[in-house]
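Below: the structure, in structure tokens.
We use all heavy atoms of the structure for the numbers below, so side chains are in, but hydrogens, waters and symmetry mates are not.
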Amino acid sequence: MKLIIHGGFFSESQTNQEVKKAKQDALLEIVHLGHKYLEHHTAAQTVVYTVRLLEDCDLFNAGTGSQIQSDGKIRLSASLMDGKTQKFSGVINIEDVRNPICVAEKLMDYDDRVLSGKGACDFATENGFEYFNTEIPQRRKEYEKKLSDSIRLGTVGAVALDIYGDIAAATSTGGKGFEIPGRVSDSATTAGNYANAFAGISCTGVGEDIVSGSVATKIVTRVTDGMPLSIATDKTLDEMKPYDGFAGIIGISNNGDIYHADTHPYMVWALHDGEAEVFE
């Protein structure tokens, strides 16, 4: 049983030591809880549970604490991929829900498994997801000061390998902030969140760069074809260099390899493979 999680890039917001310590503590607590949950649940159930905990922590840009778009609204995206069933589900630009990853999970039971905008919002309402305002004062302050030149690269994600040998990945984001309404990130696409029987990947960074590199899918495909996870990851991230692509990944392969990497410093992460580790 193995679990790795990420909380985006440290540069997404304040960069002082107090915030760093808070993120380290939060990630360690969540990875411990997630690994404990994994003892009695599937990989798919575990990544949803773990990402929900990350969404509920306002230190990260997903769920509560998400960035505000250029029109003053918050829109969330999240996706789930079960490597065992090869099913992908997601929501894009959904509003007024606490945990978009849970809406994505609910969609797994439907034929139409990726919904956007009003359709995603209506689906959530019809299925009992209550109204929830994910805005926090810090995000409103940033928006009002028009910090459009700051780096906002926050996403959360989890990849798990369960006792059955199955892999799943889940990713959730509050966007990059100040984007054009309707902008689609990588987080609810297979470029940013992908898993099969061989590996699972969750990405964070600049969505457009990750989509351009088809990062998650490419890494998993290379592992499927026999390439070690670390080499597949490094090769894929190297291919982003011509356009200075900005990305971080976490991943697990079916042989138990666990790996994280980023193209720019530095992604915040934690893992648990019997013992817990966190970024420094």
Side-chain angles (χ1 to χ4, degrees), residues 1-10 24 27-28 30-31 34-35 38 43 46-47 50-51 79 81-84 86 153 155-171 186-187 189-207 209-280:
M1 298 185 306
K2 299 192 177 186
L3 175 68
I4 186 168
I5 65 178
H6 70 72
F9 280 81
F10 187 47
Q24 288 172 324
L27 288 170
L28 271 178
I30 290 169
V31 82
H35 193 264
L38 183 58
T46 300
V47 294
T50 308
V51 167
S79 67
M81 184 147 189
D82 187 340
K84 180 180 180 180
Q86 283 288 275
L153 302 169
T155 301
V156 302
V159 183
L161 172 67
D162 63 26
I163 58 174
Y164 309 104
D166 296 324
I167 300 169
T171 308
D186 66 289
S187 297
T189 76
T190 56
N193 190 77
Y194 194 72
N196 66 8
F198 295 89
I201 297 291
S202 173
C203 298
T204 183
V206 176
D209 292 350
I210 293 167
V211 169
S212 294
S214 192
V215 173
T217 306
K218 192 179 290 184
I219 294 171
V220 172
T221 299
R222 284 172 164 157
V223 174
T224 302
D225 290 341
M227 192 176 289
L229 176 62
S230 60
I231 296 176
T233 298
D234 292 344
K235 181 176 176 62
T236 301
L237 295 185
D238 282 346
E239 290 171 351
M240 301 177 75
K241 288 180 178 178
Y243 56 94
D244 193 29
F246 201 131
I249 75 96
I250 56 172
I252 299 177
S253 62
N254 62 354
N255 65 1
D257 287 345
I258 190 165
Y259 195 63
H260 58 86
D262 48 41
T263 60
H264 295 67
Y266 55 89
M267 181 179 62
V268 301
W269 56 270
L271 63 84
H272 203 308
D273 60 356
E275 293 185 4
E277 296 180 37
V278 70
F279 78 99
E280 296 182 354

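- Contact of the M1 side chain with the T46 side chain is not registered, since no non-hydrogen atoms from C-beta on lie closer than 4.5 Å.
- Aromatic ring pairs are classed by plane angle as parallel below 30°, tilted from 30° to 60° and perpendicular above 60°; the pair F246 and H264 is parallel.
- The side chain to side chain donor-acceptor pair (under 3.5 Å) test applied to D225 returns no partner, not counting sequence neighbours.
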Please tabulate, one pair per line, all N/O donor-acceptor pairs under 3.5 Å involving side-chain atoms of residues 156-164, not counting sequence neighbours.
residue, atom, partner, partner atom, Å
D162, OD1, Y164, N, 2.9
D162, OD1, G165, N, 3.1
D162, OD1, D166, N, 2.9
D162, OD2, A43, N, 2.8

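- For the atom pair CE (M227) and CD1 (I219), the distance works out to 11.0 Å, reported to the nearest 0.5 Å.
- Checked against side chain to side chain donor-acceptor pair (under 3.5 Å), T233 has no partners two or more places apart in sequence or in another chain.
- Under the salt bridge (charged side-chain N to carboxylate O under 4.0 Å, His left out) criterion, D238 pairs with K241, not counting sequence neighbours.
- At a threshold of 4.5 Å between non-hydrogen side-chain atoms, the residues K235 and R222 count as touching.
- A distance of 8.0 Å separates CG of L38 from OG1 of T50, quoted to the nearest 0.5 Å.
- We find the CD1-CG distance between I210 and L237 to be 9.5 Å, quoted to the nearest 0.5 Å.
- For A197, there are no side-chain contact (heavy atoms from CB on, under 4.5 Å) partners, not counting sequence neighbours.
- For E275, the CD atom counts as loosely surrounded, since its 6.0 Å shell holds 12 or fewer non-hydrogen atoms of other residues, nucleotides or ligands.
- Here the rule is side chain to side chain contact (heavy atoms under 4.5 Å, CB included) with Y259, and of L229, I231, L271 only L229 fits it.
- A donor-acceptor pair is defined here as one N or O able to donate and one able to accept, closer than 3.5 Å; such a pair exists between the side chain of N193 and the backbone of A170.
- In this structure the side chain of E277 reaches within 4.5 angstrom of the side chain of W269, judged on heavy atoms.
- Residue pairs meeting the salt bridge (charged side-chain N to carboxylate O under 4.0 Å, His left out) criterion with at least one member in residues 253-270: none, sequence neighbours excluded.
- Under the ring pair (Phe, Tyr, Trp, His ring centres under 6.0 Å) criterion, H35 pairs with H272, not counting sequence neighbours.
- One finds the CG atom of N254 at 5.0 Å from the CD1 atom of I167 (value rounded to the nearest 0.5 Å).
- Scanning for side chain to side chain donor-acceptor pair (under 3.5 Å) contacts around T224 gives N196, with sequence neighbours left out.
- Not a single side-chain contact (heavy atoms from CB on, under 4.5 Å) links E280 to another residue, sequence neighbours left out.
- Shown here are the side-chain contact (heavy atoms from CB on, under 4.5 Å) partners of T190, two or more places apart in sequence or in another chain: F88, Y194, T217.
- V211 is linked by a side-chain contact (heavy atoms from CB on, under 4.5 Å) to D186, T189, A191, counting only residues two or more places apart in sequence or in another chain.
- In this structure, the separation between CD1 on I250 and CG on L3 is 8.0 Å, given to the nearest 0.5 Å.
- Expressed to the nearest 0.5 Å, how far CD1 of I258 lies from CD1 of I4 amounts to 4.5 Å.
- The closest side-chain heavy-atom distance from F9 to T204 is below 4.5 Å.
- Evaluation of the salt bridge (charged side-chain N to carboxylate O under 4.0 Å, His left out) rule for K218 yields E239 as partners, not counting sequence neighbours.
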